[in-house]
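Input: a single structure, listed below in structure tokens.
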Amino acid sequence: MDPKAFVLGCSALAAGLATLSGLGSGLGQGIAAGKAAEAVGRQPDARGEIMSTMLVGAAVAETCSVYGLIIALILLLANPLVALL
Amino acid sequence: MDFSNKNLGVLFRIGDETIYFNQTHLSTWIVMGMLLILAVIVRLALPRFSAVPRGFQNVVEALVEVMSNFAKSTMGERFEGYGGIYFSIFSFILVSNYSGLVGLRPPTADLATTAALGLITFALIQIGGVREQRGQYLKSFFKPYPIFFPINLVGELSKPVSLAFRLFGNMLGGVIIVGLVYQMLPLALRFLLPDVLHAYFDIFAGALQAFIFTVLSMTFIRQKSVTD
């Protein structure tokens, strides 16, 4: 087998696996949105403050999935493993 | 498909290395030019501002006031001055993120731009910490026990990295997804369908990420500047 093809194929697979890091942050963001909806239901006056707090929290929770995305992008666009062949 | 930063021309050569002029440079200069022109317009209008604001002056004063009130509420009364610094950073990130709407490559979709912004925040955190805590600042790395020093150090160094990667990953992800959809659609459908994606990835996520960067930077600076 062509070693380069093997490395590239494995990299594509690894990139797909790396995007699975979105799983946790997606769950977390869903929980945060649900809790925010609950909070708005309990206190409709504080809607603006709850919204901004939730958005900041959700964006911070998104960081770990962004790290996964960056690993996937490095594997796809600037593969460091091919240079080792 | 190629979503990398394309080179548009050669800037200069150092030995064997060639430094290229790429898409990020182009859009960064356009964004900076727009903001500079706006700033010059405001500066020229400044002598004609009256005590009772009207029209254009109203907008400018409202923007500045919103930002310093925001700095006051996130960081405390003493840190109102940070509102000015982060107003400029916020507007740069916001206009950069929105530059994708007119077909430019957003400067924030390049790690070099976001790393520079992250390092500015890192420098401000350290300066604020040293200025407010003096000798106590170095000691704060050895709290609660000296054995925590490596953890505290890594925690401190990861702040600019996480700020830079969050912005970079979100914007580059948007560029790639929108680019893939454009490639997928036939020419006739490219006018209406991607608008929804632009609305989410450029307008919503762009504003949100600019806001997040500002809020997190201010919170980080406050953490190190206030001793309690």
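What you see is a predicted model; the values in this text were computed from it and never measured. Here is how names work: the chains are called A, B, and so on, in the same order as the sequence lines, proteins then strands, and each is numbered from 1.
In this structure, CG on Leu172(B) lies 7.0 Å from CG on Leu69(A), to the nearest 0.5 angstrom. Distance check: Ser52(A) OG to Leu208(B) CG gives 10.5 Å after rounding to the nearest 0.5 Å.
Closest heavy-atom contact between Ala59(A) and Arg166(B): O-NE, 3.8 Å. Nearest heavy atoms, Ile212(B) versus Leu55(A): CD1-O, 3.8 Å.
Other residues, nucleotides and ligands contribute over 12 non-hydrogen atoms within 6.0 Å of the CZ atom of Arg190(B). The number of heavy-atom neighbours closer than 6.0 Å to OH of Tyr20(B), taken from other residues, nucleotides and ligands shown, is 12 or below. The local environment of CD in Gln126(B) is crowded, with over 12 non-hydrogen atoms from other residues, nucleotides or ligands closer than 6.0 Å. Around atom CG of Leu157(B), more than 12 heavy atoms belonging to other residues, nucleotides or ligands sit under 6.0 Å away. In Met32(B), the CE atom is crowded: over 12 heavy atoms of neighbouring residues, nucleotides or ligands sit closer than 6.0 Å. In Phe6(A), the CZ atom is not crowded: 12 or fewer heavy atoms of neighbouring residues, nucleotides or ligands sit closer than 6.0 Å. Annotation for Tyr200(B): atom OH does not count as buried by contact number, only 12 or fewer foreign heavy atoms lying within 6.0 Å.
At least one side-chain heavy atom of Ile70(A) sits under 4.5 Å from a side-chain heavy atom of Phe168(B). With a 4.5 Å cut-off on side-chain heavy atoms, Phe211(B) and Val56(A) count as touching.
Of the two parts of Leu73(A), only the side chain, counted from C-beta on, holds a non-hydrogen atom closer than 4.5 Å to a non-hydrogen atom of chain B. If you measure heavy-atom distances from Leu216(B) to chain A, the contacts under 4.5 Å come from the side chain alone. For a residue to count as touching a neighbouring chain, one of its non-hydrogen atoms must lie under 4.5 Å from one of that chain's; by this rule Phe204(B) touches chain A with the side chain only.
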